[in-house]
Amino acid sequence: MMKVLLVEDEPNVAGLINKGLTEQGYSITVAPDGSLGLELALNNSFDVIILDIMLPNMSGMELCRQLRQKKILTPILFLTALGTTENIVAGLNAGGDDYLLKPFKFAELEARLRSLYRRNQQLPKEDTVLRAGNLSIDLDAKLIYYAGEPVSLTSTEFRLLEFFIKNKNRVLSRIELLENVWGIDFNLGTNVVDVYVNYLRKKVDKDPEQKIIHTVIGMGYMLKI
Ligand code: CA
């Protein structure tokens with residue numbers, strides 16, 4: 001089921017789109033203003049975002065810019081009544097993927113959504129930006145985001161998290177973690193691993209509903225994505 005976030009302040013337009021897409025079997029979340037839209041987009045994962053440009057609190061363009069800055073690359077379809085080339089170009093420059101002029105036919109909206117969805121599914125997955133629940137890790141830029149907010153990790157915490165990510169869904173023993181993150185010659189007890197796993201959990205694994213770092217009793221730890 002395609003999950004769509006609709007950020008639209010005009011109740012009539014929002015209602016029509018919501019009704020039409022729900023009838024077609026989509027799952028729709030509606031936000032009536034820009035800041036709520038941003039919050040929802042940062043804390044949930046959607047397949048496509050439909051974004052009106054003129055919104056209370058924060059414009060659609062600003063919302064789009066902030067999402068892209070935070071490496072959230074969900075396809076964005078702008079809805080705009082302002083049909084000038086200038087506005088369309090500004091929307092696409094802000095990181096939007098497509099646009100539709102109001103008023104539009106519902107069938108066209110749906111066709112655009114399907115096309116954005118397909119295009120996104122076919123893109124080669126960017127392997128330098130990894131996501132796990134609320135967490136995203138840019139391995140190139142060495143940046144971590146939790147629920148869209150940058151998190152500062154010490155270099156040991158970063159190496160530990162990176163090693164977890166590169167070995168996701170595999171049980172890692174404390175010895176293996178110690179050797180790979182601290183170095184084989186580093187003469188520390190394995191409880192340093194437990195201490196650092198707890199640091200990481202406090203910074204990047206705070207949501208009990210979407211836990212990613214699991215303790216495997218008698219064996220070690222596993223990062224599950
Ligand atoms: Ca509007």
Side-chain angles (χ1 to χ4, degrees), residues 1-123 126 129 131 133-136 138 145-150 207 209-210:
M1 184 177 24
M2 201 196 299
K3 287 175 71 185
V4 177
L5 172 64
L6 168 63
V7 191
E8 169 62 80
D9 60 314
E10 288 162 59
N12 290 343
V13 180
L16 280 173
I17 297 176
N18 189 2
K19 183 165 177 284
L21 292 179
T22 304
E23 278 170 8
Q24 300 291 320
Y26 294 72
S27 147
I28 316 291
T29 305
V30 182
D33 68 66
S35 47
L36 184 60
L38 180 65
E39 196 186 316
L40 286 165
L42 290 176
N43 292 298
N44 299 276
S45 91
F46 294 98
D47 295 310
V48 180
I49 299 172
I50 306 173
L51 202 48
D52 184 28
I53 290 186
M54 305 284 277
L55 289 166
N57 296 334
M58 179 187 294
S59 77
M61 289 201 203
E62 180 55 28
L63 199 168
C64 177
R65 219 172 277 124
Q66 293 207 18
L67 287 182
R68 296 310 188 228
Q69 260 170 21
K70 291 181 173 167
K71 310 267 180 205
I72 292 179
L73 305 174
T74 313
I76 289 177
L77 172 68
F78 278 115
L79 290 184
T80 176
L82 313 164
T84 66
T85 314
E86 209 175 40
N87 279 301
I88 291 163
V89 169
L92 299 179
N93 280 343
D97 299 276
D98 199 0
Y99 64 91
L100 193 56
L101 299 181
K102 291 179 184 174
F104 52 84
K105 292 203 167 66
F106 183 77
E108 185 171 9
L109 172 70
E110 213 202 335
R112 299 288 182 96
L113 288 180
R114 290 202 173 282
S115 137
L116 283 176
Y117 180 68
R118 269 197 310 272
R119 209 197 295 169
N120 194 46
Q121 301 295 99
Q122 286 160 359
L123 282 182
E126 232 196 298
V129 180
R131 269 168 241 289
N134 280 323
L135 186 65
S136 62
D138 185 337
Y145 294 90
Y146 185 82
E149 294 299 322
D207 182 354
E209 309 267 278
Q210 294 194 41

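These numbers come from the heavy atoms of this one structure, side chains and all, not from hydrogens, waters or symmetry mates.
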- Message: I need the Leu79 CG to Met54 CE distance, nearest 0.5 Å.
- Response: 13.5 Å
- Approximate separation, where rounding is to 0.5 Å, of Gln24 CD and Lys19 NZ: 11.0 Å
- Query: salt bridge (Lys or Arg N to Asp or Glu O under 4.0 Å): which pairs involve residues 57-67, sequence neighbours left out?
  - Reply: Glu62-Arg65
- Not counting sequence neighbours, which residues clear side-chain contact (heavy atoms from CB on, under 4.5 Å) with Asn43? List them please. Glu39, Ala147
- Query: Yes or no on side-chain contact (heavy atoms from CB on, under 4.5 Å) for Leu5 and Thr74, after CA distance, side-chain angles and deciding distance?
  - Reply: CA-CA 10 Å; Leu5 172 64; Thr74 313; over 6 Å; no
- Query: Does atom NZ of Lys70 have more than 12 heavy-atom neighbours from other groups under 6.0 Å away?
  - Reply: yes
- Message: Tell me every residue that passes salt bridge (charged side-chain N to carboxylate O under 4.0 Å, His left out) with Asp97, counting only those two or more places apart in sequence or in another chain.
- Response: Arg68
- Query: What is the distance from atom CG of Leu73 to atom CG of Leu67, rounded to the nearest 0.5 Å?
  - Reply: 9.5 Å
- Message: Do Leu6 and Leu21 have side chains that approach each other closer than 4.5 Å (heavy atoms only, starting at C-beta)?
- Response: no
- With a 4.5 Å heavy-atom cut-off, do Thr29 and Leu40 have their side chains touching? yes
- Can you tell if the side chain of Leu109 reaches within under 4.5 Å of the side chain of Leu100, non-hydrogen atoms only? yes
- Rounded to the nearest 0.5 angstrom, the CG-OH distance for Leu77 and Tyr99 is 11.0 Å
- Of all pairs that satisfy side-chain hydrogen bond (donor to acceptor under 3.5 Å, both in side chains), the ones with a partner from residues 51-60, not counting sequence neighbours: Asp33-Asn57, Ser35-Asn57, Asp52-Lys102
- Query: Does any N or O in the side chain of Glu10 come within less than 3.5 Å of the main-chain N or O of Asn12, such that one atom is a donor and the other an acceptor?
  - Reply: no
- Minimum heavy-atom separation for Phe46 to Val4, with atom names? CD2-C, 3.7 Å
- Partners of Glu110 by salt bridge (charged side-chain N to carboxylate O under 4.0 Å, His left out), sequence neighbours excluded? Arg114
- The side-chain hydrogen bond (donor to acceptor under 3.5 Å, both in side chains) partners of Asp47 (sequence neighbours excluded) come to none
- Query: Measuring from Thr80:OG1 to Leu51:CG, what's the distance to the nearest 0.5 Å?
  - Reply: 10.5 Å
- Just wondering, do Phe104 and Ile17 contact through their side chains at under 4.5 Å, heavy atoms? yes
- Kindly compute the distance separating CD1 (Ile49) from CD1 (Ile76), expressed to the nearest 0.5 Å. 4.5 Å
